[in-house]
K.L.:
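I am attaching a structure below and will ask some questions about it afterwards.
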Amino acid sequence: EVQLVESGGGLVQAGGSLRLSCVVSGFNFDDGAIAWFRQAPGKEREAVSCITTDDGATYDRKFIKGRFTISSDNAKNTAYLQMNNLKPDDTAVYYCAADPRCGVLYSGEYSPTEFGSWGRGTRVTVSS
C-alpha cells in the first residue's frame, strides 16, 4: 500500500517562506512521479508541480512563476516543495500524490495525469 505523509504547513505572513515535505512509502520512489496539488477554500483542487524521481525532471504550473521549487531526496523517499514569496492566494491545503508519471507539458503549462495515491494534506495559511 502506498502511503504519503505531508508536513511543513503552517501560518506565515505574505512574503514569507515554507518548505513542505512528503514522505512516501510502499512506492518505487526511484522510478516514479511525485506531485504537489493544492485546494483553496471553495475552489477545486489544482496541480502545483511534479517531479520525476529517476531524472529529476520537473513540471510546473505557470502560476508559481519561479516562487515554488519541487525537489526530491531519493535516499529519504521524500519530496519537497519550497515556497517563497508566499501570497494570501496561496492559502490552501497542500497534498502530495504519487504515480508512475507526472503528465504532460502543453504550451508550457503542466497538465497532470490521474494520480492514484494521495496524502491527507497539510494546511498553509498566508496572512496579508
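What you see is a predicted model; the values in this text were computed from it and never measured.
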K.L.:
Write down the atom of Tyr95, the atom of Gly119, and the distance for their closest heavy-atom approach.
P.N.:
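Reported closest heavy-atom pair: CD2-O, 3.5 Å.
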K.L.:
Do the non-hydrogen side-chain atoms of Val124 and Leu20 ever get within less than 4.5 Å of each other?
P.N.:
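Yes, at least one pair of side-chain atoms sits under 4.5 Å.
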K.L.:
Between CG of Asn85 and CZ of Arg67, what distance do you get to the nearest 0.5 Å?
P.N.:
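The CG atom of Asn85 sits 6.0 Å away from the CZ atom of Arg67.
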K.L.:
With salt bridge (charged side-chain N to carboxylate O under 4.0 Å, His left out) as the rule and sequence neighbours excluded, what pairs involving residues 100-127 come up?
P.N.:
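For residues 100-127, and leaving out neighbouring residues, the salt bridge (charged side-chain N to carboxylate O under 4.0 Å, His left out) pairs sorted by first residue read Arg61-Glu109.
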K.L.:
Would you say the side-chain atoms of Asp90 pair up with the backbone N or O of Lys87, donor to acceptor, closer than 3.5 Å?
P.N.:
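Yes.
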K.L.:
List the atom of Ser117, the atom of Val2, and the distance in Å for their closest heavy-atom pair.
P.N.:
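For Ser117 and Val2, the tightest heavy-atom pair comes out as OG-CB, 3.5 Å.
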K.L.:
Compare every heavy atom of Ala40 with every heavy atom of Thr91, then report the nearest pair and how far apart it is.
P.N.:
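The pair with the smallest heavy-atom distance is O-CB, 3.5 Å.
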K.L.:
Is there a path from Trp118 to Leu4 through hydrophobic residues (I, L, V, M, F, W, Y) whose side chains come within less than 4.5 Å of each other?
P.N.:
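Trp118 does not cluster with Leu4.
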K.L.:
Does the side chain of Ser7 reach to within under 4.5 Å of the side chain of Thr122, using non-hydrogen atoms?
P.N.:
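Ser7 does not reach Thr122 side chain to side chain.
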K.L.:
Anything under 3.5 Å between a donor and an acceptor, one on a side chain of residues 44-55, the other on a protein residue two or more places apart or in another chain? List them.
P.N.:
from	atom 1	to	atom 2	distance (Å)
Glu46	OE2	Arg38	NE	2.8
Glu46	OE2	Arg38	NH2	3.3
Ser49	OG	Tyr59	O	3.3
Ser49	OG	Asp60	OD1	2.5
Thr52	OG1	Asp55	OD1	2.5
Thr52	OG1	Ala57	N	3.4
Thr52	OG1	Ala57	O	3.4
Thr53	OG1	Phe29	O	2.3
Thr53	OG1	Gly32	N	3.0
Thr53	OG1	Gly32	O	3.2
Asp55	OD1	Ala57	N	3.0

K.L.:
Does any part of the side chain of Tyr94, heavy atoms only, come nearer than 4.5 Å to the side chain of Glu6, both counted from C-beta?
P.N.:
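Of all side-chain heavy-atom pairs linking Tyr94 with Glu6, none is under 4.5 Å.
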K.L.:
So, do Trp36 and Cys22 sit near enough that their side-chain heavy atoms are less than 4.5 Å apart?
P.N.:
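Side-chain contact under 4.5 Å: yes.
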K.L.:
Indicate if Met83 and Val23 have the same hydrophobic cluster label, given that clusters are the connected sets of ILVMFWY residues with side-chain heavy-atom separations under 4.5 angstrom.
P.N.:
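No; Val23 is not reachable from Met83 via cluster members.
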K.L.:
For Leu18 versus Leu86, what's the shortest heavy-atom pair and its separation?
P.N.:
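For Leu18 versus Leu86, the nearest heavy atoms are N-CD1, 3.9 Å.
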K.L.:
Looking at side-chain heavy atoms only, is the closest gap between Tyr80 and Ile70 below 4.5 Å?
P.N.:
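A side-chain contact under 4.5 Å is absent here.
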K.L.:
Say you draw a straight line from CD of Gln82 to OG of Ser71; how long is it, rounded to the nearest 0.5 Å?
P.N.:
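Output value for this atom pair is 8.0 Å.
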K.L.:
List in chain and number order the residues that pass side chain to side chain donor-acceptor pair (under 3.5 Å) with Ser72, two or more places apart in sequence or in another chain; answer none if no residue qualifies.
P.N.:
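Checked Ser72 against side chain to side chain donor-acceptor pair (under 3.5 Å); matches are Asn74.
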K.L.:
Is any side-chain heavy atom of Thr69 closer than 4.5 Å to one of Leu81?
P.N.:
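In short, these two side chains do not touch, never coming nearer than 4.5 Å.
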K.L.:
If every non-hydrogen atom of Ala79 is compared with every non-hydrogen atom of Ile34, which pair is closest and at what distance?
P.N.:
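Shortest heavy-atom separation between Ala79 and Ile34 comes out as CB-CG2, 3.6 Å.
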K.L.:
Would you say the side chain of Gln13 lies within less than 4.5 Å of the side chain of Val126, judging by non-hydrogen atoms?
P.N.:
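No, side chains not in contact.
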K.L.:
May I ask you to decide if Cys102's main-chain N or O and Tyr110's side chain share a donor-acceptor pair within less than 3.5 Å?
P.N.:
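Pair found, side chain donor or acceptor close to backbone of Cys102.
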